[in-house]
Student: 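I have a structure here, written as structure tokens, and I will follow up with some questions on it.
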Amino acid sequence: MSSTAQLDPALVPATMAGLQIPIIDFAPFLAGNPAERAATAEAIGRACREIGFFYVINHGIEAALIADVYAQAKRFFDLPVAAKSTIAIENSACHRGWFQVGGENLDPAKQKAAGDLKEGIKIGRDLPATHSLVLAKTPLHGPNQWPENLPGWREVMQTYYDRMTGLGTEMLRAFAVSLNLDAHYFDRWLTSPMTTLGPLHYPPQRGPITEAQIGAGAHTDFGCLTLLAQDAVGGLQVRTKTGLWVEAPPVVGSFVVNIGDMMQRWTNDVFTSTLHRVVNVSGRERYSLPFFFDPDFSAEVAPIGPNPRYAPTTAGQYLLDKINESFAYHQDKTQ
Ligand code: OGA
Ligand code: NI
């Protein structure tokens, strides 16, 4: 911990002892025989039910590509505010572009307080104005805002976006197998999935640190699943079912995978969407690359199995409501 940080005791994580955020090797699911696929899916399903978090390794995304994405993200975040503002999210009709420190507030309980101590970029499915979903004025659909004068930036981000969409699709197949569904059960809702790459930059936080403002306020993710690359700095914390905050430390070569609220609802509370937060007490810059995987806007999210606890909804409406809660600029846009 940095000597300049004074942490509110409520923000200090408990010891790791006793926590089992499992590390799951995904290769046997991607390339194994049926028994290996089933065993891997079972381990994933168990983590989704018990903790809602796991690490995945051997996921097939090359380290060099991930390093390139970090480098390009940093290159953008290092620009002066005036340059970053040319792709400000406020200019986008579909929630794409850069948001400044404080622009997102992930903890609804601190709605009146300062937003999160992080800046970020939202990169979604890059659809031209002529695409049928854009012509139909589907909320959250349209073109990305790409920064100018950063050669190679767009290509690296787009390559990663496409590869992560593939990985997310495979992960949903593992979820389906673990739920005793056909492996391709979710595929029908993945025609134009609402996947979002959201590179984040957390400035160092010094002085007294309280729950009023931390890197990312305590929250659950909105959507189906999140695949997060985090750098070596640390600071991600997860709340266990017994109410303890524990660290989810960096694991080389891994993605942290977690379930979001939509997937909890879709599985009728079989999978659990777990609170987490970021407290960057390292005294250093922290970068992370969350990739949010959500199905088609029109996907009907009706609880799977008997005795549904929720009414059916659509993935699109569900996400819109959640974005309105955490981005002040968005609240008057798309009801
Ligand atoms: C998020 C999130 C964690 C991190 O963006 O939803 O939880 O380490 N990020 O940046
Ligand atoms: Ni999150």
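In what follows, residues are counted from 1 in the order of the sequence shown. Just so you know, ligand 1 is whichever comes first in the structure, and atom 1 is the first atom listed for that ligand.
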Student: Would you say Glu155 has more than 12 foreign heavy atoms packed within less than 6.0 Å of its CD?
Tutor: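 Atom CD in Glu155 is packed in, count exceeds 12.
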Student: Under 2.8 Å from the Ni ion (ligand 2), which protein atoms of type N, O or S occur, listed by chain and number?
Tutor: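 Protein N, O or S atoms closer than 2.8 Å to the Ni ion (ligand 2): His219 NE2, Asp221 OD1, His276 NE2.
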Student: Is the Phe76 ring parallel, tilted or perpendicular to the Trp98 ring (thresholds 30°, 60°)?
Tutor: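 Geometry flag for Trp98 against Phe76: perpendicular rings.
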Student: Could you tell me whether a side-chain N or O of Asp25 sits under 3.5 Å from a main-chain N or O of Ala27, the two making a donor and an acceptor?
Tutor: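 Yes, the answer is positive, given that a donor and an acceptor are paired below the 3.5 Å cut-off.
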Student: What heavy-atom pair brings Arg125 and Tyr161 nearest, and what distance separates the two atoms?
Tutor: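 Shortest heavy-atom separation between Arg125 and Tyr161 comes out as N-OH, 2.8 Å.
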Student: Restricting to non-hydrogen atoms, name the atom on Phe271 and the atom on Gly45 that form the minimum distance, rounded to 0.1 Å.
Tutor: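 Taking every non-hydrogen atom into account, CE1-O, 4.1 Å.
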Student: Does any N or O in the side chain of Asn258 come within less than 3.5 Å of the main-chain N or O of Leu227, such that one atom is a donor and the other an acceptor?
Tutor: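 Looks like no, no N/O pair under 3.5 Å.
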Student: Are there any protein N or O atoms under 3.5 Å from the N or O atoms of ligand 1? List them with distances, or say none.
Tutor:
{"residue": "ligand 1", "atom": "6 (O)", "partner": "His219", "partner atom": "NE2", "Å": "3.0"}
{"residue": "ligand 1", "atom": "6 (O)", "partner": "Asp221", "partner atom": "OD1", "Å": "3.1"}
{"residue": "ligand 1", "atom": "7 (O)", "partner": "His219", "partner atom": "NE2", "Å": "3.1"}
{"residue": "ligand 1", "atom": "7 (O)", "partner": "His276", "partner atom": "NE2", "Å": "3.0"}
{"residue": "ligand 1", "atom": "8 (O)", "partner": "Arg286", "partner atom": "NH1", "Å": "3.0"}
{"residue": "ligand 1", "atom": "8 (O)", "partner": "Arg286", "partner atom": "NH2", "Å": "2.9"}
{"residue": "ligand 1", "atom": "10 (O)", "partner": "Tyr202", "partner atom": "OH", "Å": "2.6"}
{"residue": "ligand 1", "atom": "10 (O)", "partner": "Arg286", "partner atom": "NH1", "Å": "3.4"}
{"residue": "ligand 1", "atom": "10 (O)", "partner": "Ser288", "partner atom": "OG", "Å": "2.6"}

Student: If you look only at pairs with a residue in residues 31-43, which of them pass as a side-chain hydrogen bond (donor to acceptor under 3.5 Å, both in side chains), with sequence neighbours excluded?
Tutor: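 side-chain hydrogen bond (donor to acceptor under 3.5 Å, both in side chains) check on residues 31-43 returns no pairs.
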Student: Please enumerate all residues that pass ring-ring contact (aromatic ring centres under 6.0 Å, His included) together with Tyr70, with sequence neighbours excluded.
Tutor: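 Applying ring-ring contact (aromatic ring centres under 6.0 Å, His included) to Tyr70 gives none.
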Student: If you look at every heavy atom in Ala47 and Ile24, which pair is closest and at what distance?
Tutor: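 Closest approach of Ala47 to Ile24: CB-CD1, 4.4 Å.
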